[in-house]
There are 2 protein chains.
Amino acid sequence: MNASRSPVRQSSVRAHNLALVLQTVANSADRPSRAAISAATGLTRATVSALVDDLIAGSLLTELDPAPRTGAGRPAAGLALTPDGPGGLGLEINVDYLGACVADLTGEVRHRFVTRADQRLLPPAAALAALRELAAQASAAAAADGIELAGAALAVPGLVAPGGLVRVAPNLGWQDVDVPALLGLDLPLTVDNEANLAALGELGAGDGTPTFLYVSGEIGIGAGIVLDGELYRGGRGWSGEIGHVTVYPDGRPCRCGADGCLEQYAGQEAVAADPELAASALGIALSAVVNLLDLGVIVLGGGYAPEFDRLRDGIDAELRRRVLTAGLAPVALRPATLGADAAMRGAAGVVIGAVRDDPASWLARPQAV
Amino acid sequence: MNASRSPVRQSSVRAHNLALVLQTVANSADRPSRAAISAATGLTRATVSALVDDLIAGSLLTELDPAPRTGAGRPAAGLALTPDGPGGLGLEINVDYLGACVADLTGEVRHRFVTRADQRLLPPAAALAALRELAAQASAAAAADGIELAGAALAVPGLVAPGGLVRVAPNLGWQDVDVPALLGLDLPLTVDNEANLAALGELGAGDGTPTFLYVSGEIGIGAGIVLDGELYRGGRGWSGEIGHVTVYPDGRPCRCGADGCLEQYAGQEAVAADPELAASALGIALSAVVNLLDLGVIVLGGGYAPEFDRLRDGIDAELRRRVLTAGLAPVALRPATLGADAAMRGAAGVVIGAVRDDPASWLARPQAV
DNA sequence: GCCAAATAATTCAACCAATAAACAAATCCG
DNA sequence: CGGATTTGTTTATTGGTTGAATTATTTGGC
């Protein structure tokens, strides 16, 4: 029992059950009927009917032709998420890349706008103005499709504090940038670390594994920790800084001030220069992660994905040697399935995920006339 | 919204609100009145009254003299957890130590039984038989106090699989021991890692910090990760194996088969032999933890607690140098407040914590005539 | 071609739990 | 002593789920 510190009233029951029904549809491979939902959730058919009516009226679900079925009986009405309901705006700002995309409730990316340009040459305000331009294009495209944007999320390669303040983004040269104010969108905006959002993108696109470590190897190295389908953000929101885990205590000096950080052995140039060293260093750092967090699946993304075959064996050797539980349960290594868009797609996914997790709030939103 | 995969009905509402009221009383420094609970939770006074009646009838709460108050108005009735309600049996088996204790609902340790003997000389069945003896003494003492035991929890220095199977306990020499079967208690039994339960013990005894890393330095080194008042058990239940985090990749061979594990530099003998080396190695490994999990508080327990003053500066130096966010938010080091009993007390705490988290299930338990 | 069986979805009375508002109880203060 | 004040309880109402009965729509047997 999760005794969170808020009272529960009947309306919370309805809110919970609305979410339960919506998620059941979302996680279902086929198009479930009301009866199937009833069986899957344990709610009665009467209740499911009432909830589904609300979700259809709020254009979160639609009735479709039923999934083919054999045998007698009245045919079911198939239910599915609407592509015409709310959508999410995913944004990304990176060293040489600016992007915006729109995903609909089903998770499909409907529009995608990307600009390649070196953001390090621009002051934050200018970079964010350019991003606002992309966001406006994406919003217009969404509106043309009849998609109402429920919010936006932005991926940045840096440390983000509550309220969307970017404390440090070393590779952009940013420090203490108030992103929501400078971006000035008229949508609720979430700002999060690039690796975190990429991990969530991978969660949505992957094979359903709910618990894994996503490692993103760009110029810096970041990681997103996904536990049971949810992102672990750490005590203060700055988890996953695997790039600065010490691999060789007296090794190469790092620009962070310490010596022997993983980033110096498995960053983009290091991988190109010496893949074997990179793999071994990565393996040592990943062993520490697994010993501490006991994650059974590690997904290599960003710049690591194309190098996967070159890195795999070296990493694996260290894992087998250094992970205490390696004999009891193996650790699986996988390349990421999404490419450069992972973080942007994850960002859009966060927005629609929020609607799917709490449809009641969305249905009760103050409606624009 | 936590859309867990189960339906919610009205009775769940009541269950949740019962827990909410009970926890409000438990977390309150004074003895709150019904009206104070109403104000704290947002439930109406009428609802709180009804819930409190149930909790009093089930002897989880008692009415006491009110906390002194000034001003007009009918005096309040103070509410507090009953010391005569359900209790928890905490058990511990360790290398040279066997223990059992009884904690009442308030968290107070009412009885404590300890045997010092080297368990490595005994086969698991014999050790567990001795523990059963202690458990029986503790149960008898609890019954004499009118405490009904809600369950038992056992701390073991090893890796525990679901169902209470101890896969490996290297320092006991155990492998694949079916503890619940061999122990044969007539209570629901939870088996968990010693460091995990010690971390929870520290959570209950400490200053209220809800998120921290507990490091237990015995012959082996274990850690418990506490996030927001809950234990993080990892993907498969084997988190916190900090003792086998690599500190020096080509360093001293460890009995686990790898080289340069923390345990070889900061285990009990190593601390005694070279405290500076131990502190530095510990600092390197803890930096990795903080970079990965962003924990702001680290509690040093077990054998580290008495050595705290000797270790502190060395650890701190590495943390300041190697933690990426050290400049943004400091990492606090603290000695544990509980001594050798931490795990046993944590175990008892787990049992009463379960009752406090879900009083409805306890109230609806099948009553022994 | 029609009727029985089967499955899907809806309707309706009953029930459970929280709410709001009125009421009763017990104290303080002028 | 009486009004103000705060606590706790009582009562009618509301919201939401349940369970049973009902309606709807198909397949398959005769």
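So you know, we letter chains A, B, ... as the sequences are listed, proteins then strands, and number each from 1.
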For nucleotides 26-30 of chain C, list the nitrogen or oxygen atoms of the protein found under 3.5 Å from its nitrogen or oxygen atoms, one pair per line.
{"residue": "C:dA26", "atom": "N3", "partner": "B:Arg74", "partner atom": "N", "Å": "3.2"}
{"residue": "C:dT27", "atom": "O2", "partner": "B:Gly73", "partner atom": "N", "Å": "3.2"}

Below 3.5 Å between N/O atoms, which protein atoms pair up with nucleotides 11-17 of chain C? Just atom names and distances, please.
{"residue": "C:dA17", "atom": "N3", "partner": "A:Gln10", "partner atom": "NE2", "Å": "2.6"}

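Atom C1' of nucleotide D:dT7 and atom CZ of B:Arg31 are separated by 18 Å, given to the nearest angstrom. Distance, A:His16 NE2 to D:dT17 P: 11 Å, rounded to whole Å. Taking atom CD1 on B:Ile37 and atom P on D:dT9, their separation rounds to 12 Å, with Å as the unit. Straight-line distance from the CD atom of B:Glu63 to the C1' atom of D:dT9: 13 Å, rounded to whole Å. Atom CG of A:Asp54 and atom P of C:dT10 are 12 Å apart (whole Å). Between the CG atom of A:Leu43 and the P atom of D:dG19 there is a distance of 11 Å, given to the nearest Å.
Considering only residues two or more places apart in sequence or on other chains, A:Val355 meets the side chain to side chain contact (heavy atoms under 4.5 Å, CB included) condition with A:Leu60, A:Pro86, A:Leu105, A:Ala150, A:Trp362. Among residues two or more places apart in sequence or in another chain, the salt bridge (charged side-chain N to carboxylate O under 4.0 Å, His left out) test is passed with A:Arg365 by A:Glu148. Annotation: side chain to side chain donor-acceptor pair (under 3.5 Å) contacts of B:Glu63 (sequence neighbours excluded): B:Arg34. Under the side chain to side chain contact (heavy atoms under 4.5 Å, CB included) criterion, A:Leu187 pairs with A:Leu89, A:Leu149, A:Ala152, not counting sequence neighbours. Under the side chain to side chain donor-acceptor pair (under 3.5 Å) criterion, A:Asp294 pairs with B:Arg236, sequence neighbours left out. Qualifying side chain to side chain contact (heavy atoms under 4.5 Å, CB included) partners for A:Ala205, counting only residues two or more places apart in sequence or in other chains: A:Thr337, A:Leu338. Qualifying salt bridge (charged side-chain N to carboxylate O under 4.0 Å, His left out) partners for B:Asp186, counting only residues two or more places apart in sequence or in other chains: none.
A:Thr106 and A:Asp104 form a side-chain donor-acceptor contact under 3.5 Å, judged by distance and modelled atom types alone.
Among the nucleotides D:dG8, D:dT17, C:dA9, the one closest to the side chain of B:Ala77 is D:dG8.
A donor-acceptor contact under 3.5 angstrom links the side-chain atoms of B:Arg45 to the base of D:dG8.
A donor-acceptor pair under 3.5 Å links the side-chain atoms of B:Asn27 to the main chain of B:Gln23, judged by distance alone.
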